[in-house]
Peer 1: 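Before I ask anything, here is the structure I am working with.
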Number of protein chains: 2
Amino acid sequence: MTRHVITRLAAVSRWEPGARERLQAAALDLFAEQGFAATTVPEIAARAGLTTRTFFRHFADKREVLFADDAEMPAMVAKLMAEAPDTAEPMELIVQGLRTMAETRFEGRRAALCHRRDLVRSDEGLRERDLRKRAALAEAVREGFLARGLDATRAALLAETCVTLVSVSIAEWLDRDDGRRLSGIVDEVLDRLRAELA
Amino acid sequence: MTRHVITRLAAVSRWEPGARERLQAAALDLFAEQGFAATTVPEIAARAGLTTRTFFRHFADKREVLFADDAEMPAMVAKLMAEAPDTAEPMELIVQGLRTMAETRFEGRRAALCHRRDLVRSDEGLRERDLRKRAALAEAVREGFLARGLDATRAALLAETCVTLVSVSIAEWLDRDDGRRLSGIVDEVLDRLRAELA
DNA sequence: GTCTATATTGCGATAGAC
DNA sequence: GTCTATCGCAATATAGAC
């Protein structure tokens, strides 16, 4: 009997679906409560009812748990760029792509992203990881343009500009507390960039 | 002979000037010979006739020795921006600043920068540090514009664009093996960016 | 510098799904 | 049975404290 109960308890924590999501939620909670640096992986795992080892099977390291949701963005970028008609102009492609990304990957996550931004600002290691993610995104865009036959300089210039638009727009979107849509802000930021360069 | 020995002994004494430069030269040599990862700090220090401890008094870590020459750039940016006339338009200020930086900080260092780029490409940790340096530069530009009274979004947009121009231009400059001046390439890259956004 | 706490990884065993 | 997600434990790496 006792053995059965123990087994069931173990089974619940062990096989309850959504281990990854539970780990993410636990991590977010703990980071909010005591900060990123002060939170240990064992603590996160314990709160999720899992072990340290399991944490590391889902996330490469402690920082990654904060960025996991955006891991697929480079692949999404590659797909969008590969599927676009050959006739699409580069900047048009960027604008369309940003609109799509805004609607499917960001809109609706504003509160979570705002929270993450505060955390990233609080820790040097997280800031660094954030930079790497941005660089990875730029690299995906650059490769997409190279695959479309653009020369190296043009591809790099467009990719960097695309990432600038993303990061500035998101910062603006998170700063404002009105209900504006991110895609609208992207349009506005692009207009402002055009105005600067006109 | 005796005089030579004395000179050499003097060269390794702790108050001999140029310790920092000798460490940098030794590090560059060793990185070229055996790669960044395979080179240890004690090796670098030994080749410079100094101790490991001295290395770390001059550089925060092994990576920093590669970027030390650019450490003053953010301060230089701040100075240039603070001294510019209030009437200067932002993009004009950026173009002037990039021209100045190109001439005073980059022109003439092409071979060294090319070599560094190869090293940075070979090591993930160095790539990361490079991203941090870029971010620091962008931050300096952004703060400069904030100090000049621009709103946060405009300052961020201009700062990111400025760093894009720098990095794309330098990449182009290093890729080409003709004798073109960096400042000319910056102008060309800016024209290309304007064309994309027109 | 030494030393401790934590992050991170490897490997074999086990539980539950199919 | 086979397969995958986990566990449990131990070993290494490393940052930060002393």
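Just so it is clear: chains get the letters A, B, ... in the order the sequence lines come, proteins before strands, and each one is counted from 1. Bear in mind that the values here come from a model prediction, so they are computed numbers and not experimental data.
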Peer 1: Any N or O donor-acceptor pair under 3.5 Å from the base of C:dG10 to the side chain of A:Arg53?
Peer 2: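 Present.
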Peer 1: Starting from P on C:dT8, measure out to CZ on A:Phe59 and report it in whole angstrom.
Peer 2: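 Nearest whole value for this atom pair: 13 Å.
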Peer 1: Can you measure A:Arg20 atom CZ to D:dT4 atom C1' for me and round it to whole angstrom units?
Peer 2: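 Whole-Å distance recorded here is 16 Å.
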Peer 1: How long is the straight-line distance from CG of B:Leu182 back to CZ of B:Arg110, given to the nearest 0.5 Å?
Peer 2: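 Those atoms lie 10.5 Å apart.
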Peer 1: Using atom CZ of A:Arg57 as one end and atom P of C:dG12 as the other, report the distance to the nearest whole Å.
Peer 2: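 After rounding, the gap between these two atoms is 14 Å.
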Peer 1: To the nearest 0.5 Å, tell me how far A:Glu64 CD sits from A:Phe55 CZ.
Peer 2: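 Between atom CD of A:Glu64 and atom CZ of A:Phe55 there are 9.5 Å.
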Peer 1: Between atom CZ in A:Phe56 and atom C1' in D:dT12, what is the gap in whole Å?
Peer 2: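 For the pair A:Phe56 CZ and D:dT12 C1', the rounded distance is 13 Å.
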Peer 1: Does a nitrogen or oxygen in the side chain of A:His58 sit under 4.0 Å from OP1 or OP2 of D:dT6?
Peer 2: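 A:His58 to D:dT6 OP1/OP2: side-chain N or O found under 4.0 Å.
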Peer 1: Just so I know, are the side chains of B:Thr161 and A:Glu196 near enough to count as touching, which here means a heavy-atom distance under 4.5 Å?
Peer 2: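 No, their side chains stay 4.5 Å or more apart.
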Peer 1: Give, for atom OG of A:Ser169 and atom CG of B:Leu157, the distance between the pair rounded to the nearest 0.5 Å.
Peer 2: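 It is 8.0 Å, given to the nearest 0.5 Å.
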Peer 1: Counting just side-chain N and O atoms, does A:Thr51 come under 4.0 Å of either OP1 or OP2 of D:dC7?
Peer 2: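 Yes, because at least one side-chain N or O of A:Thr51 sits under 4.0 Å from OP1 or OP2 of D:dC7.
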Peer 1: May I have the distance from A:Leu23 (atom CG) to D:dA5 (atom P), rounded to whole angstrom?
Peer 2: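 Rounding to the nearest Å, CG of A:Leu23 and P of D:dA5 are 14 Å apart.
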Peer 1: With a 4.0 Å cut-off on heavy atoms, is B:Thr52 in touch with a base, just the backbone sugar-phosphate, or nothing at all?
Peer 2: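 Nothing: the residue B:Thr52, judged by heavy atoms under 4.0 Å, touches no strand.
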Peer 1: What's the CD1-C1' distance between A:Ile44 and C:dT8, to the nearest Å?
Peer 2: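 The distance from CD1 of A:Ile44 to C1' of C:dT8 comes to 13 Å, rounded to the nearest Å.
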Peer 1: Between A:Phe55 (CZ) and D:dG8 (P), how many Å, whole number?
Peer 2: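 The answer, rounded to whole Å, is 18 Å.
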Peer 1: Take atom CZ of A:Arg63 and atom C1' of C:dT6, then tell me their distance rounded to the nearest Å.
Peer 2: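 After rounding, the gap between these two atoms is 13 Å.
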